[in-house]
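Presented below is the structure to which this report refers.
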Amino acid sequence: MSTLFDLPHGGSSWPQESSEPRAGREHDPDQLLADLNPQQREAVVHGGSPLLVVAGAGSGKTKVLTHRIAYLLAARGAHPGEIMAITFTNKAAVEMKERVTDLVGPRARSMWVSTFHSMCVRVLRREAETVRELLAGTSSDPRLNSNFSIYDADDAKRMVTLVARDLELDSKRYPVRTLAAEVSNLKNELLTPADAAERAGNDLERKVADVYASYQRRLADSNALDFDDLIMRTVQLLRAYPEVAEHYRRRFRHVMVDEYQDTNHAQYALVRELVGTRDSGGVEPAELCVVGDADQSIYAFRGATIRNIEEFERDYPQARTILLEQNYRSTQTILSAANAVIRGNTGRRDKRLWSEAGEGEPVVGYVADNEHDEAAFVAGEIDRLVDDGEATFNDIAVFYRTNNQSRVFEEVFIRRGLPYRVIGGVRFYERREVRDVLAYLRVLDNPEDTVNLRRILNVPKRGIGDRAQAVVSVYAEQERISFAAALRRAAGEGLPGLNTRAQRAISGFVALLDELREAVAQSDVADVIETLLERTGYRGELEASDDPQDAGRVENLTELITVAREFSEMRAPSEETSAGESEDVDAAVLPDGSLSAFLERVSLVADADSLPDSEEGMITLMTLHTAKGLEFPVVFSTGWEDGVFPHMRALGEPAELAEERRLAYVGITRARRRLYLSRALMRSAWGQPMTNPASRFLGEVPEDLLRWRRSEAERSAPQVRSSGSRGGGGFDRGSGGAGNGRSSAQSFKDSVAIKLAVGDRVNHDKYGLGTVLTTEGEGARATATIDFGASGTVRLMLIGSVPLTKL
DNA sequence: GACATCGATGTTTTT
DNA sequence: CATCGATGTC
């Protein structure tokens, strides 16, 4: 848990004990190249033009990156301060910094090794004055200053909710989720609200443009930037102010980007701006080196564009491309399976992983009757492997497509006494109580933060309800002042339409905030949290509650305090933060140990990094997505069924299907020695049992690499009968009694199935025209998943009463 | 303004 | 099945 704060503070200070360079290594380029294969060596040595390293899974890309940095210093006369390396996760940044430090020693300290987002925050805080100027042209009355808040996805969504409500958008037609996602997409494409309005071609797009404009204005009023803004604003800044861009270009002569396949358009543009071009005047372009693997791009749904890596040579005409195909992780059997699956994607740069590790064991396949059987098989196999001394619990990971699939495994593992931990799911910083407390802290730190102010306004309950909030909000809008300002006025002289009861409550709240701000001024973060938990009655409420969950909430808050305490204590030994730099871009903008610094850390780091560093003796359970970048000697990849993996939503969409296939590739290539692929014939989804066909990806694994421990043919007599168990045959029972049975209102006579096949065109009274994507079940239990285009994709029961006609 | 109940709705998620 | 949001009632 506390790994959280073992991160480089602000990025520039990174001492650390064990980081002495291994004798002489950093001065000897030959030594540096000695343990690299020819392609790796080429990538390390290459200079003079942009470089793309296509690094297959397990091909040693971090090694290439770190050695390249060391080589730049040792052989090419680069100064450490000239180096910038950008990653996506803090974990990757920390690891890189550590490994570079191992190679070159404390000199690594003056390099910028950080995530896209922290890098941008650093630039934006430093250039806040200029950013405000930039914003002045676009939004009304921007109040952005260098202490801006960072809004994460949840904050952003809340802000969109407020905006949508103001614009009186029908939340059915324009779900917040969609609006927020669309706004995010626009930002990733570097489109301004004006651009969005201009190109809006339909109703939704017009509404999105409205929301976007209003949203940006409110963010500025709240002195806040969201995650997407961090990138977009930095790009806009560098483009609008050439002298600022040039400043950074002079400083950073070597730019390296990890996981380049995951960059979105804005990040792509950012890299371009940082590097510069021949005609961007003043400075020669910096040397760019990007590393990635298009086959491992699994975040398109978040805006990543595989195009960036595919078109690198076009974007940078002189570019050199080097393929790393030798894999140091897996057996050849595993790699062959991975190669075979990924080959199903068209239009890719062919790449064949190979290994010197030998054939190894065949991939084991298993067809389970249902998800419980699947879990039992996995558990039994783990037992056996551990008993035989083939593996320890630590060596083993279980992957699944969606988080809800973890439950069965947990149940079985608990029953069998197998130690495990689940990665992902609801994260620490997403828990309600943690976010509530952070909301208080953020408001204390940035009084204009509307979203967080409104979040805590009535938490715990203090009699400031929707009604009062609406009054304040409307007033703020009318007077063109911030919500916070309106609230202060309400506390003082009251507001028209506000009853005295509410007014008193608001006064009390504002006074409470003032009191807490006192605490901020004189104590450290942990104490502030203690104080606020007491003074707001938040802790009291939890302790008094008889909801068993609330005990856990109290624990989480204690944990948060611990985290805060560690933060204040490690207050980085900030002695020489890059001495001697004349223009000190390394200077920390936020005071060490301050509340602001704490909040920034918490926003940018979240807890993604509590990963493997093996809590000893535990089986690891996680989704395929979180598995990326990791490796395990033994991997169980489960749920290989069409509709589960590939996910139902991807079935109709070739691009999404391709992404699912990459996910399969990622999953397979995590395994070092042993790989298990399993599926279940029957799996209950949302209470209803579903039979799923084998994943199409499973068929793509060559039979000669697979050994079926249990195949479909072998399984005990196929029981197609409508199993007497609960849920099954629910329709036959009609509406008998159990009023909570879903659609139990359907009476028996209606249960005449409509026959549909994949690809059929249909018309639905509510959703309109659609295309059948998949069908499941038979007779009265038949369902179909239908794509209704703009109305969405819906799964329907094919019973007589659905207002559906086949065309 | 606070609470209860009903029903619609369900991926993945580095920051 | 579980959670969340939108309703309706005291």
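Below, all heavy atoms of this structure are taken into account, side chains as well, without hydrogens, waters or symmetry copies. No experiment lies behind these values; they were computed from the predicted model shown. Naming convention: chains lettered A, B, ... in sequence-line order (proteins, then strands); numbering from 1 in each chain.
For His647(A) and dT11(B), the ring-to-base geometry satisfies the stacking test (centroid distance below 5.5 Å, interplanar angle below 30°).
Both Glu656(A) and Ala502(A) lie near DNA chain B, and the one whose nearest nucleotide falls closer to the 5' end is Ala502(A).
Following rounding to the nearest Å, Trp686(A) (CH2) and dT3(C) (P) show an atom-to-atom distance of 17 Å. Per the geometry, CZ belonging to Arg501(A) stands 7 Å off C1' belonging to dG1(B), to the nearest Å. If you measure from atom CD1 of Ile423(A) to atom C1' of dT13(B), you get 15 Å, rounded to the nearest angstrom. dC4(C) atom P lies 15 Å from atom CG of Asn404(A), rounded to whole Å. When rounded to the nearest whole Å, the span between CG of Asp170(A) and P of dA6(C) equals 11 Å. In this structure, Leu651(A) atom CG and dT11(B) atom C1' are separated by 13 Å, rounded to whole Å. Whole-Å rounding puts the Asn90(A) CG to dT14(B) P distance at 11 Å. Atom CE of Met648(A) and atom C1' of dT9(B) are 12 Å apart (whole Å).
Glu371(A) pairs by the side-chain hydrogen bond (donor to acceptor under 3.5 Å, both in side chains) definition with Ser684(A), not counting sequence neighbours. Take Val412(A) and apply the side-chain contact (heavy atoms from CB on, under 4.5 Å) test, not counting sequence neighbours, and it matches Ala375(A), Ala379(A), Arg415(A), Arg416(A). By the side-chain hydrogen bond (donor to acceptor under 3.5 Å, both in side chains) test, Asp642(A) pairs with Arg696(A), sequence neighbours left out. Listed by chain and residue number, Glu656(A), Glu660(A) satisfy the side-chain contact (heavy atoms from CB on, under 4.5 Å) test with Ala650(A) (two or more places apart in sequence, or in another chain). Residues passing the side-chain contact (heavy atoms from CB on, under 4.5 Å) test with Asn446(A) are Ser149(A), Asn223(A), Glu448(A), Asp449(A), sequence neighbours excluded. Checked against salt bridge (Lys or Arg N to Asp or Glu O under 4.0 Å), Asp258(A) has the following partners two or more places apart in sequence or in another chain: Lys61(A). Pro460(A) is linked by a side-chain contact (heavy atoms from CB on, under 4.5 Å) to Tyr440(A), Arg462(A), Thr536(A), Tyr538(A), Glu541(A), counting only residues two or more places apart in sequence or in another chain. Every salt bridge (Lys or Arg N to Asp or Glu O under 4.0 Å) that Arg99(A) has, sequence neighbours left out, goes to Glu95(A).
Across dT14(B), dG1(B), dT12(B), the shortest atom-to-atom separation from the side chain of Asp262(A) is found for dT14(B). Out of dT11(B), dT14(B), dT15(B), the shortest distance to the side chain of Phe88(A) is found at dT14(B). The listed nucleotides are dA6(C), dT15(B), dT11(B); the one nearest the side chain of Ser171(A) is dA6(C). Listed candidates were dT12(B), dA6(C), dT15(B). Nearest to the side chain of Asn403(A) is dT12(B). Comparing dT12(B), dT15(B), dT11(B) by their nearest atom to the side chain of Arg302(A) picks out dT15(B).
Cation-pi geometry between Arg307(A) and Tyr268(A) is met: under 6.0 angstrom from the ring centre, within 45 degrees of the axis.
When all heavy atoms of Phe148(A) and Leu230(A) are compared, the pair lying nearest together is CE1-CD2, 4.1 Å.
Residue Ala468(A) is in sugar-phosphate contact alone, with no base atom involved, counting any heavy-atom pair closer than 4.0 Å across all strands shown. Note on Glu659(A): nothing from the nucleic acid sits closer than 4.0 angstrom, heavy atoms only.
More than 12 non-hydrogen atoms from other residues, nucleotides or ligands lie less than 6.0 angstrom from CZ of Arg435(A).
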Protein-nucleic acid N or O pairs under 3.5 Å, nucleotides 2-5 of chain B:
residue : atom : partner   : partner atom : Å
dA2(B)  : OP1  : Gly463(A) : N            : 3.3
dA2(B)  : OP2  : Asn458(A) : ND2          : 3.3

Result block: side-chain N/O donor-acceptor pairs under 3.5 angstrom for residues 172-182 of chain A, not counting sequence neighbours:
residue   : atom : partner   : partner atom : Å
Arg173(A) : NH2  : Asp203(A) : OD2          : 3.0
Tyr174(A) : OH   : Asp203(A) : OD2          : 2.3

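A donor and an acceptor atom, one from each side chain of Thr500(A) and Gln503(A), are nowhere located under 3.5 Å apart.
Anti is the classification of dT5(B), since its glycosidic angle lies more than 90° from 0.
Residues of residues 291-299 of chain A that place a heavy atom closer than 4.0 Å to DNA chain B, in numerical order, are Tyr299(A).
Taking 4.0 angstrom as the limit, Thr626(A) places none of its side-chain polar atoms (N or O) nearer than this to OP1 or OP2 of dT14(B).
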Report summary line: Its dot-bracket string being built from Watson-Crick and G-U pairs below 3.5 Å, with | for another strand and [ ] for crossing, DNA chain B has the pattern ||||||||||.....
